[in-house]
> 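Just dropping this structure here.
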There are 2 protein chains.
Amino acid sequence: MAFKKNLASSKDDNISDWYTEVISKGNLIHYSNIKGFMSFLPNGWKIWQLIKKELTKEFDQRDILELCLPSLISQNDFLLEKKHLEGFAPELFIVTKTSNETEKYILRPTSEIAFCNLWRETLRNYRQLPIKHNQWTSVFRVEKNTRPFLRNSEFFWHEIHSCFETEEQSNDFAVDIWKLYQRFIKDILCIPLVAGEKTEAEKFAGAKTTYTVETIMPDGQALQSATSHNLSQNFSKAFDIRYQTKNNDYQDVFSMSAGVSTRIIGAIIMTHGDDDGLVFPTKVAPYHISLNCIFDDTNQELNAKLKELANKYSQKYRVHLNLNKDSTGEIIKNSQLRGDCCVLLMGPNDLKKNEIVFIDRITKQKQFINLDHLDQKLEELFSTFDQKLYQKAKAVFETKVDFAQTFEEFEQKIASGKFVRVFYCNEDLYEKQIKEKTGASSRCIIKYLDEQTQERCFISNKKAKVEIYFARSY
Amino acid sequence: MAFKKNLASSKDDNISDWYTEVISKGNLIHYSNIKGFMSFLPNGWKIWQLIKKELTKEFDQRDILELCLPSLISQNDFLLEKKHLEGFAPELFIVTKTSNETEKYILRPTSEIAFCNLWRETLRNYRQLPIKHNQWTSVFRVEKNTRPFLRNSEFFWHEIHSCFETEEQSNDFAVDIWKLYQRFIKDILCIPLVAGEKTEAEKFAGAKTTYTVETIMPDGQALQSATSHNLSQNFSKAFDIRYQTKNNDYQDVFSMSAGVSTRIIGAIIMTHGDDDGLVFPTKVAPYHISLNCIFDDTNQELNAKLKELANKYSQKYRVHLNLNKDSTGEIIKNSQLRGDCCVLLMGPNDLKKNEIVFIDRITKQKQFINLDHLDQKLEELFSTFDQKLYQKAKAVFETKVDFAQTFEEFEQKIASGKFVRVFYCNEDLYEKQIKEKTGASSRCIIKYLDEQTQERCFISNKKAKVEIYFARSY
């Protein structure tokens, strides 16, 4: 027997339509009348605040200090680091004053330049190092194809910017943050991932090395979910950020930057959502429990009991109490669309029987639970919820990851929506060809092969230099 | 015997120079190379985060939901509410895309328009009301004369925007938030204040009534510190925000908005700072305790003891531990400049005697405290700290507030830097004259007089309508 789902579209049949519908019905955002800009509604913003809370714990442990730099960058400063400029030039928003339209500013597409300006003027000697800064802010990029969370013209992120005395320290910290991101995405967001280094062609404009975390959406497309960059002295030389060393000479500082954006919310939605709506891991779910009155909203005893339960469980869970008498079907549907981890329903008869109706977001099975056992039932649910989400996602992930030996095999697998591992000569030239022929881009190098390798490149047939993933991407 | 102060300038002699110096040496901000834009350094940003934390507690109690709207507003939308437009028109930043310079956007100077767009498209019927929203964000205004915190081109604030079924509800909520601001500024920030309504000339562009909290800086100038506006149906009519009522007809919604900005940090600095640096009330002080090693940074026992103390007191206070052996004088100076509530110093001899040097930020007296009594000493300090700051500020406040019967008296008192109370006919025309002649603007109406009043207006000699404060302002 097939039940009707809450959504008209199906994740398996058309993930693009499903994504649009699940976001809109889940009440996470509202489209602005400016292309690529959106309002975060309270539940959407809550997810970002919960992500912030989880990451901030990690940043605090590393003595990363939070600050906030200006949103505008002067156009002249933007001309200083050429590769960086080339990377961003077509995507910029230009700002002028009504009173003076000749002075021009850029709405920051990222804040390397702002941090460089700050450090150049405040960094004096080695005793100030290392400097570890972070800001939670938004950045602006003109985008042709926009999509909520995945590609917005204004998007929110955190950006860590740090500087060090040596290249090793800078690189180590970039790697440390990259590993933190991997744990965060896997353990907190319950999303399977692949991590590695970007190729020359795909690395961040201005970086020496870009470390990336790639997640794989159910349609086999990659989503670049977190990146950490060793910038070496590329920015410090361009922006003249020098400090006095222990030996009283001067050195350009080594810097790194790293960030995770609201795009990760897109990854959460696509990984865990289903045809009944949104599903969230417990740490970032706007609501754990939706607690509702059914059948009679005038029964004072029932009302009091529900308030008592809301008070009790709010100590431990995020509870949404609804004392309006909506239809039972509507309540369940809205709660599932919204992604509450479970919905509880109680009517006058349930109260008499000391029972409550319990439906969890994963199995969607309706159960009557004696109130004396509710604590235990909730504990069971929440102690295994995240693990179940991860296992479910991992099963899908494994059907999407594949290996190709030849270009023919590769083309076929990319076309069928796979995230494909290959041996590769790592020469820029071929990346362009691959993109033109298959639409796939290199996602991350997972291994550098040694000189003695017998592996051949899948496209050039030269000796392979790396083991790498290619995929189409968001 | 006169001791040398940490700052070269004096708050009493030249508050303007003093303000610039105390901010710069206190390491709160760094000037950007774009006029009116600044970087919040970690300690400056921390103050704002602590303010956010305190206000958020109050907002949560009122079920105000946090969300986040776009930074850009389309230029066309800006033309819809004429008074609002006139209020902001000369101060706007205009945004274009590199790829398309004909479409124009405004960097939001405030978000009434963005909220109106959201509500118009999402508000359907009375069951959704009231809607209570808040966002923490930055806004942008071109300013001729800029000054850190007090007048920036990009400044941070929170803005509450809410809508209701009736004018009374909207006005009541505006008043509720206004009272919350008064308690927050007086009790948490320890700043004496005057509160009242703005005149027609001074109210927010688009508001029906503006409620304001005015603080008085030590030079007698007013600082508008928090405002709450009943917007009535001014915006809903302009932006067509209608909903279906219980009776199935349609009504334009009633709305209000309110905000406190980073300008309040300027008020904290000017109210509490002294010639040795910054001073902060305990709830918003970046550090409560500066804990330092002196004389010997290689003594492992000393090191361990300081770490133990730092761990212990971090449970209750914000502790800054410094294990570098800087000079005692430098440590004390830097701690005072930074505004730590107290500084603790320990050298090897102190450890042997089970003692610590204790200097609080208010009395600046050096005391040796037996470690067994340190808990109690800290508790004493922090239980009375805020009250002492308030009393000190209140004493200054009282020397600045004055009353004038005649315009001559008024001119004289304004010129001598007073915040002057008068009886006033409340006719727009005179406000312009007063401003031209004395530089003072109306700050707030504290009382509407009844028809039977015998009081005469200090400038027109007509029957007085209100009791009101005038002052020069920041």
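Chain letters run A, B, ... following the sequence lines, proteins first and then strands; every chain starts at 1.
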> With a 4.5 angstrom heavy-atom cut-off, which part of Glu103(B) approaches chain A: side chain, backbone, both or neither?
neither

> Which atoms of Asp77(A) come close to chain B, meaning under 4.5 Å heavy atom to heavy atom: side chain ones, backbone ones, both, or neither?
side chain

> To the nearest 0.5 Å, what is the distance between SG on Cys68(A) and CG on Leu41(B)?
11.0 Å

> What part of Tyr105(B) gets within 4.5 angstrom of chain A, counting heavy atoms only: side chain, backbone, both, or neither?
side chain

> Do the non-hydrogen side-chain atoms of Asn33(A) and Asn76(B) ever get within less than 4.5 Å of each other?
no

> Which region of Gln135(A), side chain (C-beta onward) or backbone (N, CA, C, O), has a non-hydrogen atom less than 4.5 Å from a non-hydrogen atom of chain B, or is it both or neither?
neither

> Using a 4.5 Å cut-off on heavy atoms from C-beta on, say whether the side chain of Lys97(A) contacts that of Ile94(B).
no

> Distance check, rounded to the nearest 0.5 Å: Ser39(A) atom OG versus Trp119(B) atom CH2?
11.5 Å

> Determine whether Leu65(B) and Asn43(A) make a side-chain contact, defined as any pair of heavy atoms from C-beta on separated by less than 4.5 Å.
no

> Determine whether more than 12 heavy atoms belonging to other residues, nucleotides or ligands lie under 6.0 Å from atom NZ of Lys57(B).
yes

> Can you confirm whether Asn324(A) sits close enough to Arg127(B) that some side-chain heavy atom of one is under 4.5 Å from a side-chain heavy atom of the other?
yes

> Specify which of Ser32(A), Ser138(A), Ser74(A) makes the most heavy-atom pairs with chain B at under 4.5 Å.
Ser74(A)

> Any side-chain heavy atom of Leu72(B) within less than 4.5 Å of one from Glu154(A)?
no

> Is Phe156(A) close to chain B through its backbone or its side chain, or both, or neither, when contacts mean heavy atoms under 4.5 Å?
side chain

> Distance-only, no hydrogens or angles: does the Glu66(A) side chain make a donor-acceptor pair with backbone N or O of Pro42(B) under 3.5 Å?
no

> Just how far is it from atom CH2 of Trp45(A) to atom CG of Leu69(B), taken to the nearest 0.5 Å?
10.0 Å

> Which heavy atom in Ile34(A) sits nearest to a heavy atom in Ile73(B), and how many Å separate them?
CD1-C, 3.7 Å

> Tell me which of these, Thr122(A), Asn117(A), Leu118(A), has more heavy-atom pairs under 4.5 Å with chain B than the rest.
Leu118(A)

> To the nearest 0.5 Å, how far apart are NE2 in His30(A) and CG in Leu67(B)?
11.5 Å

> Heavy atoms, side chains only, cut-off 4.5 Å: are Val95(B) and Phe140(A) in contact?
no

